[in-house]
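We're numbering straight along the sequence, starting at 1. Just so you know, these numbers use all the heavy atoms, side chains as well, and skip hydrogens, waters and symmetry mates.
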Amino acid sequence: GCYVSGNVDTYKKGQAVGGIVGTAFNGTIKNTLSVATIKVAGDNAFVGGIAGRVKSGTVKIESSVYDGSLLQNTGNDGAMGGLVGLVTSKVSIVDGYYDSDAATGGVGTVDASGSVIGDNTGVGNSVVNQEEYVCLLNKGTWNNGSCTGAKTNVWSKHTNITNQGITKDSNGNILYVITDRATYILIQNFISIFYEETYKNNTLFPEKCRTLEKMCLKCNIMGPFCIF
């Protein structure tokens, strides 16, 4: 499972921007929740609450939700959907839900080479945080106001719909955290200039540590900002 929050703002053309992935290739996206706000201003861009574009192979989107407040694509000749922006291959959507205040449909555009298996483009509702949806996301059966036969307990209803399926270790610690690399690159560039100007001509500082790469690989000074 995966949970994404925050803001994505971009103006470049031809991009695929999604709440979970930008471009999806052959595989399964399961038990994912995005509440990210996405604003795209570039032309020929594809925006989706889960995936910006399904490009090749067969992609299955299962038990996944977009419950963010805004999906925006103001460029020309693009596509936008509550779950997928553009489909150019095959996509299967099973128990996919999106906030209908953010998008008018689950799949934006399906081109001539693409198809939606089963013609299910997801379910939109202005209130996604409902016991019925939680039941269906957990692979249960909703009948007369109650849920039976749920196969998982990944999803739950609180102040907002909640995804508890994040990969954790035996102590309950989250194993994987994805951080925006662009932010690190900006910080890295600043630190690179600062450290190299400070230390490269400093004879008191070991020669092996007088460049950013050497500081990272040999001296372990830069810590998490060592990205090459």
Side-chain ([X]) to main-chain ([Y]) donor-acceptor, under 3.5 angstrom:
X	Y	value
Asp111	Leu86	no
Thr162	Asn160	yes
Ser34	Tyr66	no
Ser89	Gly57	yes
Ser156	Asn153	no
Asp99	Asp67	no

| note | Rounded to the nearest 0.5 angstrom, the CD-CG distance for Glu132 and Leu137 is 10.5 Å
| task | Sorted by first residue and then second, give each side-chain hydrogen bond (donor to acceptor under 3.5 Å, both in side chains) pair with at least one member in residues 6-20; sequence neighbours left out. | result |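 Listed by first then second residue: Thr10-Gln15.
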Under a 4.5 Å side-chain heavy-atom rule over Ile, Leu, Val, Met, Phe, Trp and Tyr, are [X] and [Y] clustered together?
X	Y	value
Ile61	Phe46	no
Leu33	Leu71	no
Val123	Ile161	yes
Val35	Tyr97	yes
Val54	Ile38	yes

| message | If hydrophobic residues (ILVMFWY) are linked whenever their side-chain heavy atoms come closer than 4.5 Å, directly or via other members, who joins Ile117 in its cluster? | response |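 Listed partners: none, Ile117 stands alone.
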| query | Under 4.5 Å between any side-chain heavy atoms of Val107 and Val87, yes or no? | reply | yes
| query | Are the side chains of Tyr98 and Ile50 in touch, meaning some heavy atoms are under 4.5 Å apart? | reply |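 A side-chain contact under 4.5 Å is absent here.
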| query | Which one of Asn76, Thr74, Asn73 satisfies the side chain to side chain contact (heavy atoms under 4.5 Å, CB included) criterion with Asp43? | reply |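 The single option meeting the side chain to side chain contact (heavy atoms under 4.5 Å, CB included) with Asp43 is Asn76.
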| Criterion side chain to side chain contact (heavy atoms under 4.5 Å, CB included) against Val91, the qualifying member of Leu83, Thr58, Val116 |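 Between Val91 and the candidates, side chain to side chain contact (heavy atoms under 4.5 Å, CB included) is satisfied uniquely by Val116.
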| Does Glu62 pair with Lys139 as a salt bridge, N-O distance under 4.0 Å? |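 Answer for the salt bridge query: yes.
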| message | Run the side-chain contact (heavy atoms from CB on, under 4.5 Å) test on Val59 and Asn26 for me, step by step, so that the C-alpha distance in whole Å, both residues' side-chain angles and the decisive distance to 0.1 Å come before the verdict. | response | CA-CA 5 Å; Val59 174; Asn26 200 46; 5.5 Å; no
| note | Heavy-atom nearest pair, Gly81 first then Ala103, reads C-CB, 4.0 Å
| task | Show your reasoning for whether side-chain contact (heavy atoms from CB on, under 4.5 Å) applies to Asn138 and Lys151. | result | CA-CA 6 Å; Asn138 283 326; Lys151 295 179 176 61; over 6 Å; no
